[in-house]
Every structure is written in C-alpha cells, then in structure tokens.
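Below is one structure, written out as structure tokens; comments come after it.
Values below: all heavy atoms of this structure, side chains included; hydrogens, waters and symmetry mates excluded.
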Amino acid sequence: MSTTRGIRVTAGLTLCADEQVDPYVEVHGRRRSARFFYTEDVVEIDGRSERFERDDLFENLLDHRDEGVALLSPLAASGAFVAVIDAVGRTAPHEIDPAFVSPRGEGPARRLVVDGIEDAVVRAVDAEATFAELHLPWARRTVHEVVLTLPSTGSPLAELVDGAGTARSSSPRPYLHPIRTPGGVVVTDHHPADHDWHLGVSVALQDVDGTNFWGGRTYTPGEDYIWRDDHGRIEIVRVEHLADGAVLDMRWIGPDGGVVVRERRELRVMHRDDRSAVIALSFELAPAGDRTVMLGGPGSNGRIGGGYGGLAWRLPACADIDVRTPSARGEEAVHGTVAPWLAWSAAFADPTDGRPAEATVALAPADDASAADPWFVRVAGYPGIGAALAWDRAVAASPDAPVRRAYRLLVADGRLTDAEVGALLA
C-alpha cells in the first residue's frame, strides 16, 4: 500500500513464529536504512544503536485536557491504521496446508508454528509483497500465464511470473520461477532477503539510457551505489502459446511512463532424458522510438568486475558448490571469462523433505553474439550466475540493428560431469 504522498508501506506480521522477536519499523533512505524497535525505544543505523526517552501518551492526553497541549497522536491520525485493520478483518483467511505447520508445547501452552515464517516475513517486507506474491508453498497460489512442461511427462519445468506484484524499487519484470529439474528440485529463487530484485531467471539491465531496469540501488560514478528514483518496469503485451513454449512481446517502460525498449522473447523446451532438460531462451531488444538506445550497467559505468546485466539467474541457497567452465573452476577463475558453457553443481533442498538433493544447472550461448559475452558469477556473496551483456561497455540498440542474445539453459538431477554438460548443451 502507499501513503497519500506515494511512500510505499509494507507490513509483515505473524503470531506463528518459533520464537518471539522484538518488532521494528524499517525506513529506507537514499543511502542508508534505519530500524526503530518501538517497544524498546531503540533506533539502529549501520549497526549502531541509540536508546531514546519515551513520551507518555497518557500524560500528554491529560495535559491536553487540562492545559490545551497539542495531542501527539490525535484521533484523526488513527484513520489509516483503523482502515487497514478493517480491511484485514474483512478478508477471508486462507487455510495453510497442515504439512507446513508444526505444533509446539503441550496443553494450554500448545501453539502452532508455520515452517520458515520468520524468513518469509523478512522477505515479504523487503519485497513489498504478499506471501502469495512470493509464491511460498503454503500461501494462496496464483495462476501463471505460461507454464513450460516436460514433453514426455507433462510435469512442470518452469513457470513464468509476470512480476506485476514486485516493488517499484525492484524494477518489476517477468521472470521464470520456479524452475525445476525433472526430479522436482527447485533451482531458482526470487525476492531473496539479501537482494529483493533478484528474480529467478530474468532479462534485466541497470542502465538503459538512464533507467534502472535491474532494481535496487543504482551504481553512480563517484557515488557508488545509491537509491535513485530511476526504476523502470517491464510488462507483457502479448503471449503466443506454442506446443513447446511461448513467444512474448514486452515493453520496457521508464519512470515517466514512456516506452523505452520493445522486447520479443522466445522460450522453448527441449527434453533430453529423464534426468535433464534444456530450455532455449532468446530475446531481442529494439528501441521503441527512432533513435539508438544504449544498454549498460555498473560495468559500463566504471564498476570493475560489476558487469552484470542481460540474462540473470538467481539460484536458491545451496551447499558444496562447484562452478566451472571447460577451462576454469571457482568463482574468481570463472567470473568475467568467455567460455562455451558455464555449469553449477551443488546440493539444493529437496522439495519433498528438505534434505539436500544434488543438481546441476548450466548456461551456454546459442549464437556468436552471445558467445562473446563474459560470464558473471557470484558464490561467496550470494548464489547467482548470468551472461553479461554490458561487461565493461554499453551496447547500442538501434532501430536498424536491435540487440539479440540466445542461450540454452540446462537443468539436471545429480552432479553431471563436464563431458555430460557439454554434450547436453551442444
């Protein structure tokens, strides 16, 4: 929801957490954020805490009655609060599957805990989204417009989220999530607590003629990353359903509502065997008008090693990570290199019991232009891979020469060998 001044406000609340924690209000500024723990009268900024004295509202009410002192919290200021509470009260609750609920305690002390609710609340607030918009397994499901399936079994491989519920500061855009291996292991994440604007597998750039279509803080030469009111959004205009996928027509819209870029994206599924599948993904970016548009990002604006933008794949939390190309291994060795493919093997969470499940994902360019772009890799900070469209210089998209990229995305159960990865992506 938004205030009358356009400030976004999101509340994440629960009575079903494993442990009670001090509630807080978090305010995001241009460069920093502050947390106010209102039951403790503590403000926290950049890890520093300061406690403040509290004004007694009852004493203020008595002073108002006796001496005409202005009320700190007048009745008129409670209207928005009451309106929200009334709206919550009128909303029909959604029953949570008992499989995601665990009892704690006995007798009168017995209570129910929703699995993972603490993390879900943090992610909902960071994403300015509802639990349903985060696609949590126990939340009310939304119907996705495009579902890619495995031709041999009809089981879902990937779902297309239109991104309409994404916070404006995270640059709303369509993305694939969840993507599953044939065995059902989920190999994408979205709206993670560390970077809310990381959205499954998506196409995004942080600087398209000055508009941030990536989300989050914008890299600004001489100022590093700062919050700016420069976020755009990507909307689906038309979907053409195919037997093995879909063709999407989209428009990239700037902060002023004008269309900056038009995109055509193709998604097709190629099933290799019962253990692996390949998605062919291509996109073409063309100016909406008659002038050339520059496609860039932090790398093209001087951020050394920060050339992300283009095809981005946010992976879920995983362990025992082996990221590699045919000639390099490890984050530092692979990041920024050009190679025929990039693979990531790790232990992900099995959707049936949460136990570690081995899986491999990989990317490969499918044309010469894509083959020239360096790979982007993050392991230590967060799990993510991508193909850097504007590694260290912006790319021009003109009416006569739109920018096109094409890739193959491999998802497989188990740890594939390099030879198996190369053969499946060939």
Q. Are Glu420 and Arg415 close enough, and set up right, to give a salt bridge (charged side-chain N to carboxylate O under 4.0 Å, His left out), and what steps lead you there?
A. CA-CA 10 Å; Glu420 288 173 322; Arg415 288 181 178 266; over 6 Å; no
Q | Smallest separation among heavy atoms of Val121 and Gly12, with atom names | A | CG1-O, 3.4 Å
Q | Heavy-atom closest pair, residues Ala359 and Thr181 | A | CB-CG2, 4.1 Å
Q: Using a cut-off of 6.0 Å, state whether more than 12 heavy atoms not belonging to Glu332 lie near its atom CD.
A: no
Q | Residues, nucleotides or ligands: over 12 heavy atoms within 6.0 Å of Asp274 CG | A | no
Q | Nearest heavy-atom neighbours spanning His231 and Thr211 | A | C-CG2, 4.3 Å
Q) What orientation do Phe376 and Tyr308 show, parallel under 30°, tilted 30 to 60°, or perpendicular over 60°? A) perpendicular
**Q.** Asp97: side chain to side chain donor-acceptor pair (under 3.5 Å) partners, not counting sequence neighbours
**A.** none
Q: Might you confirm whether atom CG of Asp256 has over 12 heavy atoms from other residues, nucleotides or ligands at distances under 6.0 Å?
A: yes
(Q) I need the minimum non-hydrogen distance between Met294 and Ala394, along with the two atoms involved. (A) CE-CB, 3.8 Å
Q: Sorted by first residue and then second, give each side-chain hydrogen bond (donor to acceptor under 3.5 Å, both in side chains) pair with at least one member in residues 381-403; sequence neighbours left out.
A: none
Q. How are the rings of His195 and His198 set relative to one another: parallel (under 30°), tilted (30 to 60°) or perpendicular (over 60°)?
A. parallel
